[in-house]
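Here's the structure we're looking at; comments come further down.
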Amino acid sequence: MGVVSVELPAQSRPTEFELSVGERKILQFKKKTQITAVAELVWNALDANATEVHVELVRSSMTAITDVVVTDDGHGMTPERARSAFQAFGTTWKTTRTHTEGGERILHGRNGEGRLFAFALGDRLTWESTAKVGDALVGVRIRGNADHATIWQVEETEPTWEKPGTTVRISVPQGKPLSSLERDDAAANLTAKLAFYLRAYPHVRVTFDGRLLDPSDIMVGEPIDLELDLPEEYAGEDPPPVVTFVEWNKRMSDRRMLICNADGIALGEHGSDWSDGIISFTPYLRANLFNGLSVDDLHGLTMSHSWLLDAALKAVQKHLAVRGAQISAEVVRQLKTEGIYPYDDQPATGTFAIERQTFDVVVTAARHALPNKRAARSLSVNLIRTALESNPGDLHTILEKVLALSDDDRRHLKNLLDSTDLTHVIGAATTVTNRLNFIQLLRKFLADDDLRKNLREVDQLHPMVNKNLWLFGEDWHMTRSEIGLTNVLQAHLEDHLGEGVVLEHELEAVTQPDGRSGRVDILMFRSRRDDNSTERLVIELKRPTVKVGPKELTQIKNYARAIIDDPQYSGTGSKWRFYLITYGYSDKILRDIRQKGRPEGLYDEQDDYEVWVKSWGEILDAGEKKLRFFQEQLNYEATDDRVTQHLRESYSHFIPESVARDGQSDEAAR
């Protein structure tokens, strides 16, 4: 006997339910990720024993998505089951079951929350379902609207199809972006969430926007189970919790750890996206103890299972290090076989070794973007090496313009480099090299009478010192001027330091009759604060023509005490450091600045302030000593050519014209 449709009585009307849970609770589902929302709708279809599930993105003439439609050939919903499922939050026929009807497959959802994920895609939701009751077909329509999120309508209808099945239609509000569904990797991201299910039930077909989801198309090798180092409390779990590591052959934008039952059926996500520039992967934390977790339970995993999550994290990190090294070795081996690896096999040390290690990381991350033709491939490899060797700042341009590396791939590569010791060492190497160059630059000016005579403090020396405040302590390098300190410093300036001293922010107003910047003493000032203290630095840069003696020494001490005693700062607990920096000082003050029991140069020391007198030679010697160890490790020598080149590149606006002209002449001669 064939299947017949049940004719509805004429008086049939929609049944309206109001969920007891608050609207805020329901609308929280609007914040779920879009791919996760689609996955939940697919899971609902699969839990209904569907063998065909199709996700369609309906687009307008303007190519914007207007509807998301999920169609399946599952057993559908009867009006009775629809009323039961939609009339209360968290209610579902799956609660007491582990398998689908007929025991055919493992169930995914048991919390009655999956349907609410649809609000992440749109505001108006409609289910049209046909189910079989005995030999007859019955139809039902369910509607929900984000404007009245607690109200649901269930209406008996004529059967929509001649066989069981369900269609869910989500209307997308105009202007709402569904960008994660339109990405090239959207189908792959959805595949990752369904991977173990699709492998377990190969007869099930799921399509997304016309593309069949097949894990074997994007998997690299077979999944690998990573053993976890767990405390005794998990010893009774059978099977024991495990992380299954699945590697993909294409970049995934959705890279969070999936929380699964022991069979690998994804129940939720945890943590933030994994960022790795070399490997695209998904970790599946599998344990039967996760069965039946609600959305709230998933949010609380960090408290209820912190040991397990920490063990999973460590296992993934350990495997990533091993697997990344394997892939990098394979890439390097291939480049050597092709004869285009730009380094020889000789042992490398110092910056050369760091450069080569970084090259291996970069070329491994960019391996899929390297051209196939030998000439273009060799050129790309050498461009990467040249950038690392001479101008790392060009690297991103090469990866973007030459290799056409995607934004995502470049972002993941940047994150990879930022999270490795290589980047920190290279950054330190660049910093040390630049600082050594700067020290030698100032020595060059101090040793040359003509250069020192032509060097103007206002628009040349001061800006260079301003960029290198590490000379006075590493912590001062990133500080800024304190605006509120200006008035106090200015108020005591003329009384104690004289008319020839100018606060740094007033330098532009100092000019000579010929329009050039004047020669004055400069007062720089910086502040830094934390929760417990405030420190302030005041630096007086003396002109080359001033030889510091007893007069200048008394002036800076009196100035320091006037500032400390000013009502605005008196008793505030701040620590002040005053530096008097000079090209040279008189023998008459040697006893004052070389006192027994004090560091050399410390002239006056109190609980709340210090006054130092230093020559440029002493400052540069101290800075060079701090850098000496790094200098040896880097095998770096600040030759005159290197110093001059660094001078032109970094301080071209602050150097005497004669030096700049010499540089242009040298380049022309080449």
Between [X] (side chain) and [Y] (backbone), is there a donor-acceptor pair under 3.5 Å?
X    : Y    : result
D67  : V58  : no
R141 : E128 : no
Q34  : P177 : yes
R377 : R374 : no
S129 : V140 : no

Could you check whether [X] pairs with [Y] (Lys NZ or Arg NE/NH1/NH2 to Asp/Glu carboxylate O, under 4.0 Å)?
X    : Y    : result
R356 : D360 : no
D209 : R59  : yes
R199 : E222 : yes
E269 : K193 : yes
R83  : E156 : yes

So is K336 actually on top of Y341's ring, under 6.0 Å and inside 45° of the axis?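 K336 over Y341 ring: yes.
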
Distance to the ring centre below 6.0 angstrom and angle to the axis at most 45 degrees; does that hold for R286 and F196? yes

Any side-chain donor near an acceptor of the partner, [X] and [Y], under 3.5 Å:
X    : Y    : value
W248 : T282 : yes
Q326 : E330 : no
H54  : T71  : no

Kindly determine whether D147 and R124 satisfy salt bridge (charged side-chain N to carboxylate O under 4.0 Å, His left out), including the steps that lead there. CA-CA 9 Å; D147 292 337; R124 288 184 290 117; over 6 Å; no

Please check if the number of heavy atoms outside [X] that lie under 6.0 Å from its [atom1] is greater than 12.
X    : atom1 : value
Q174 : CD    : no
K176 : NZ    : yes
D184 : CG    : no

Working note: E155 + R143, criterion salt bridge (charged side-chain N to carboxylate O under 4.0 Å, His left out); need CA distance, chi angles, decisive distance, verdict. CA-CA 9 Å; E155 177 186 4; R143 291 190 178 96; 3.6 Å; yes

Filter on ring-ring contact (aromatic ring centres under 6.0 Å, His included), then keep only pairs touching residues 309-339, sequence neighbours left out; what's left? F245-H319

On a heavy-atom basis, the closest approach of P164 and A131 is CB-CA, 4.4 Å

Residues at least two apart in sequence or cross-chain that pass side-chain hydrogen bond (donor to acceptor under 3.5 Å, both in side chains) with K318, listed by chain then number, are none

